[in-house]
2 protein chains.
Amino acid sequence: MSERDVERSVSQTVRAQLALRDMILSGRLRPGERISELQAVDITGVSRTPVRLALVRLEDEGLLQAIPSGGFMVKAFTERDILDSIELRGTLEGLAARFAAERGVGARSLEPLKECLADLDQLVRQDPISVEAFSAYVTMNARFHALLNELSASAPLIREIDRVSALPFASPSAFVMAQSALPEAHQILLIGQDHHRVVVDAIENREGARAEAVMREHSRLAARNLRLAIRNRTHLDLLPALALLKSPVE
Amino acid sequence: MSERDVERSVSQTVRAQLALRDMILSGRLRPGERISELQAVDITGVSRTPVRLALVRLEDEGLLQAIPSGGFMVKAFTERDILDSIELRGTLEGLAARFAAERGVGARSLEPLKECLADLDQLVRQDPISVEAFSAYVTMNARFHALLNELSASAPLIREIDRVSALPFASPSAFVMAQSALPEAHQILLIGQDHHRVVVDAIENREGARAEAVMREHSRLAARNLRLAIRNRTHLDLLPALALLKSPVE
DNA sequence: TGAGTGCAGTATGTATACAGAAAACGCGGA
DNA sequence: TCCGCGTTTTCTGTATACATACTGCACTCA
């Protein structure tokens, strides 16, 4: 589908949602700033009805906050909020891994996960790793996590994981690109990939506690990446999510 | 505020949301049933704009499901979904308790929780427990859980806990009333109250792992209640949430 | 007889007009 | 100069009209 087709086929609501999200994540709308419907109409070019729907959607996506007297403002996050959200995701993914392990998954449903694991191995093996490989890693990593979550076979859980991961700084791949600029980059990637390997092994052997613990620790890698990237102040431009911080680090 | 004042002051959107939620939870709208906007307009008496907003809100509350081609249907849950949601809540509350324990809370902020604990003790001490006491327990229990979650001092976490607990069958007090009809009622209440005591103790002593484990187990009490109530088929009318089950037990 | 097509009815998506409430602004007085 | 109050403007909440997409049914043709 060409871009023009997309523009034609996608609903005005979705279009407004995308445009507004982009404005927020790029920092053109500052945290704490009130965003009026009329202003949103100007930005997006669609009428108030779909704009309003988009605002509601962005609210429960977590990017906006409702003002008691009506209207919305851009939500402001602290560094602690971000770290907590990562821990939260890790906890949920840990639960998913434990469910998968305890309930047992057939060899067939484990197959796609193992293929994904092998693909990731291919990418990680390079030294040094190209930027393209990093980019491919991000895609494949997201796929791995999605497959893993599905193995829990728990719709309510998957729903919550998706919700938490929708926050731009809490997704499994949020800081991989930023990490690419770090000297420890390759090392961190190798460790992360080992986590992947271990969790698959644990699920296969029905070791629920192990699977859970590893996925929790896995998420803490993202937390470490974030802290490293902020401290080193290297390539902060690779961390668009930081535009949401109450007091910007830059 | 009198009921008429509420009707006057509350927005049409909220009114529609309440009316529709009531229809769903009472089973007058069946799981899987499509619910058109026009139908919702008839039910609620407000116009399409607020009705549509209410439908969107109910969707991310988890009671409705979006149909790909447009519109919404009442979501259907399996017994497994319900049990998973309870485990999910337990996991999140466990994380909250661990945060509280690890980060440390001052004696002053622990005070309201301890008062709440004492109040619950008063209620539980009765034997046999009156229906009024059960009802009071539900209220006080909800307060205890809310206070506990706040001790985590983590806005993202509290947000998710509130969201999960909004599901009518996943809240901490969902099955307490049903439990009141069980012969094991008093016993179960005493055990639950002991969990409460232990988690406060663990937080006070900064025992994060213990606090987390206890809150997880605490949620499993709700799961046991649910299973008992369903098996015994006693007072299923006290379990309005069962109207959401794909294949009703009754 | 079965499958496909066209039409009617109905649903949702969108734009816009209007009313009421909140906020911003300026003016006057202490 | 600062505070309070009234006015004006702007914003949100709501209703409704219109356009478009979808669904279901009947009819036709192979």
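The sequence lines fix the lettering, A, B, ..., with proteins before strands; numbering per chain opens at 1.
- In this entry the distance linking CD of A:Gln39 with C1' of D:dT12 reads 14 Å, nearest Å.
- Proximity note for B:Arg48 (side chain, C-beta onward) versus D:dT14, C:dT12, D:dG13: the nearest is C:dT12.
- Judged by closest nucleotide on DNA chain C, B:Arg34 is the one of B:Arg34 and A:Pro50 placed further toward the 5' end.
- At whole-Å resolution of the value, CG in A:Leu55 and P in D:dC11 are 14 Å apart.
- Here D:dT16 presents its P atom at 15 Å from CD of B:Glu37, a figure rounded to the nearest Å.
- Side-chain contact check for A:Ile203 versus A:Phe99: every heavy-atom pair is 4.5 Å or farther apart.
- Side-chain contact of A:Glu93 with A:His145: a donor-acceptor pair under 3.5 Å is present, judged by distance alone.
- Taking the side chain as every heavy atom from C-beta outward, A:Leu63 and A:Val74 never approach each other to under 4.5 Å.
- Nearest nucleotide to the A:Ser36 side chain, out of C:dT14, D:dA15, D:dC11: D:dC11.
- Side-chain nitrogen and oxygen atoms of A:Ser69 include none within less than 4.0 Å of the OP1 or OP2 phosphate oxygen of C:dA21.
- Summarising the geometry, the separation between CD on A:Gln12 and P on D:dA21 is reported as 12 Å, rounded to the nearest angstrom.
- The CE-P distance, from B:Met73 to C:dA11, rounds to 17 Å in whole Å.
- No contact: B:Leu53 has no heavy atom under 4.0 Å from any strand.
- For the side-chain contact (heavy atoms from CB on, under 4.5 Å) with B:Leu95, the qualifying choice from A:Asp84, A:Thr91, A:Leu92 is A:Thr91, the only one to do so.
- With 3.5 Å as the limit, one finds a donor-acceptor pair spanning the side chains of A:Ser26 and A:Arg28.
- Ranked by how close their nearest DNA chain D nucleotide is to the 5' end, B:Val46 and A:Ile35 are led by A:Ile35.
- Close to C:dT16, at under 4.0 Å from its OP1 or OP2, lies no side-chain N or O of A:Thr49.
- In this structure, CD1 of B:Ile67 is placed 11 Å from C1' of C:dT12, rounded to the nearest angstrom.
- Listed nucleotides: C:dT16, C:dA22, D:dA15. Nearest to the side chain of B:Ser47: D:dA15.
- Set against C:dT14, C:dT12, D:dG13, the side chain of B:Ser11 has D:dG13 as its closest nucleotide.
- Comparing C:dA23, D:dG13, C:dA11 by their nearest atom to the side chain of A:Arg52 picks out D:dG13.
- A:Glu33 places its CD atom 13 Å from the P atom of D:dC11, with the value rounded to the nearest Å.
- Atom P of nucleotide C:dA24 and atom CG of A:Leu38 are separated by 15 Å, given to the nearest angstrom.
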